[in-house]
Every structure is written in C-alpha cells, then in structure tokens.
Amino acid sequence: MLLAHISDLHIGQDYRGDGGVRALERARRVVNYLNGLPGDLDGVLVSGDLADHGRPDEYATVRELLATLRFPVLACPGNHDDRTAYRTTLLGEEAGTEPINQLHQLGGFTIAMCDSSIPGRNEGLLDDTTLTWLDKVIAESEDPVLVCFHHPPVPMRQPFIDSILLRNPEQLAEVLTDEVVAVLCGHAHTAATTTYAGRPLVVAPGVVSTLVLPVEGDHSIDYGLPPAIAFHVFGTDDTGGRGLITHFRSL
Ligand SMILES: [Fe+2]
Ligand SMILES: [Fe+2]
C-alpha cells in the first residue's frame, strides 16, 4: 500500500498582498507532481488546513484542485478550516458543526480520518463524539488501521507549534489498539517522525510553508523553503509485517 501524504495547503493565504497566488501555485506544484508520477498511488492523504480562512470561495478552489488528482483523496479538517464551509462547499453535504470524521477502506487498510479541530481555536481536541466513533471503527475493522488527524499529539520541540498541539493525547492513546499501525498528522508544517503510544507517528511537511526550529532562527515559519510531501509505504508483501516506511520529497 502506497499513500502520498500532503498537508497544510492553506489555500487563500495572502502572502505579502498576493491574494493567495503563492499558496495556490505551491499546491498546484504538488498536485502536478503526483499526477505526473509514472506509477500509481493507492490514495492521497490531506491532513488539514486545506483553506486558510475557512471561506466557501477557498473550498471551491480546493475542491477544483483536488478533483484534478487522478488518485482517491482522503482529507480531514485542521484549525484553519471551517466545518460548515468544508461540509457544504468541499463535501457537498448539508451544513453542520459536528466533527467531520470519515472512514475509508483502501489497499487492505482501514483509514480513519478524524477531525481534531476546535471551532474558533488553534489547538486541537479529539472530542467525545470523535473518540467514540474511532473506538468503534478500530473495534470493527478486520484490517490494520491508520489514524490520521491534524494536530500532533506529542511535543514537536518548537515553542510556537507546541502551544497549539492536540490537548488530549492520553485519551486518544486509550482507544489505540494493536490494530493501529501508525498515526499520521499535519499542522506542524515540518517533516517529523517519532513514536506515540508505542507506534510510529509521522508528521507531514507543509505545502504552504515550513516550520523552523529555534536553532534555525527566531522566525518560526519559513516561506522560502520548497513545498514538500511524504510517501508512506506499508509492508503487505510476503516479507510479512505491516511496517511503515516514509520517504520525503521536496518539490
Ligand atoms: Fe497549517
Ligand atoms: Fe494547523
């Protein structure tokens, strides 16, 4: 199973008065790269912050852009997204402010795309509705499970992002059984890997910008580094193992 993982498109982000041109150009560069691959992917994960201000016009652009991908797209909201506009404009569903949790079966895996956003806040929470849903998804799955949401549940060792992480990592850890192969996040705008609750945690790099560490400067966000993506490859061949290896690309 092979997934591309992209995150934090922030479509509509105004960079020095450009009205979102730069953000859209970077997102297009990523989409074009994936569409131009000589081989096929099982899907493309988009782990939140699809729009910058959560406006319907931004989701119209996101929808148009993602519709051009020749692979299945699996997405979840981030703190910059708006549940109502995301639902109505991107998903074509009725308006509503409940968490947007979506279940996918792909390439022999169950993929739970969870909504860790808190309306009006930058930090994240997997609320009771979402944790109950996830618990059931994991219990009922006959396949290995991937859990994906926006806010990393562990410190990134960078003060800015560490002030707006997932608030309830302990509650999430309680629902993760052995069936869960990996946890995949966005939000931090930096390619980063660690472990969480005894399994791999991979944070996708940002498409729109890159988080930098204190050692790199005191500006937190770098707009000059190129957009980057991850490829997650899962072991399903006769070597056994469901293990995950992640490869990163700067575009
Ligand atoms: Fe973001
Ligand atoms: Fe975010």
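All ligand and atom numbering here is 1-based and tracks the order in the structure. Keep in mind it's a predicted model, so treat the numbers as computed, not measured.
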For the backbone of Val207 and the side chain of Arg26, can you confirm whether one donor and one acceptor N or O come within less than 3.5 Å of each other?
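Judged by distance alone, yes, a pair lies under 3.5 Å.
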Is a salt bridge present between Arg22 and Asp14, judged by a nitrogen-to-oxygen distance below 4.0 Å?
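Result for this pair is no, no salt bridge flagged.
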Assess whether a salt bridge exists between Arg28 and Glu25, defined as any Lys/Arg side-chain N lying under 4.0 Å from an Asp/Glu carboxylate O.
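Salt bridge flag = no for Glu25 with Arg28.
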Need one value: angle at the Fe ion (ligand 2), His150 atom NE2 versus Asn79 atom OD1, rounded to 10 degrees.
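Vertex the Fe ion (ligand 2), arms to NE2 of His150 and OD1 of Asn79: 90°.
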The Fe ion (ligand 1) to nearest N/O/S of His80 less than 2.8 Å
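No - counting backbone and side chain alike, His80 has no N, O or S atom under 2.8 Å.
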Quick one: do the Glu93 and Thr88 side chains pair a donor with an acceptor below 3.5 Å?
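Absent: no donor and acceptor within the cut-off.
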From the Fe ion (ligand 2) out to just under 2.8 Å, does an N/O/S atom of Asp49 turn up?
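Here the distance criterion (N, O or S atom, under 2.8 Å) is met by Asp49, so yes.
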The Fe ion (ligand 2) reached by His187 (N, O or S, under 2.8 Å):
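Looking at His187, which is the residue asked about, there is an N, O or S atom under 2.8 Å from the Fe ion (ligand 2).
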Let me see the working for Arg70 and Leu37 under side-chain contact (heavy atoms from CB on, under 4.5 Å), right down to the final yes or no.
CA-CA 10 Å; Arg70 65 183 178 93; Leu37 293 171; 4.1 Å; yes
Where the Fe ion (ligand 1) is the corner point, what angle links NE2 of His10 with OD2 of Asp8, to 10°?
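The angle at the Fe ion (ligand 1) comes to 110°, rounded to the nearest 10°.
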Determine which of the N, O or S atoms in His189 is closest to the Fe ion (ligand 1) and give its atom name.
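Closest N, O or S atom of His189 to the Fe ion (ligand 1): NE2.
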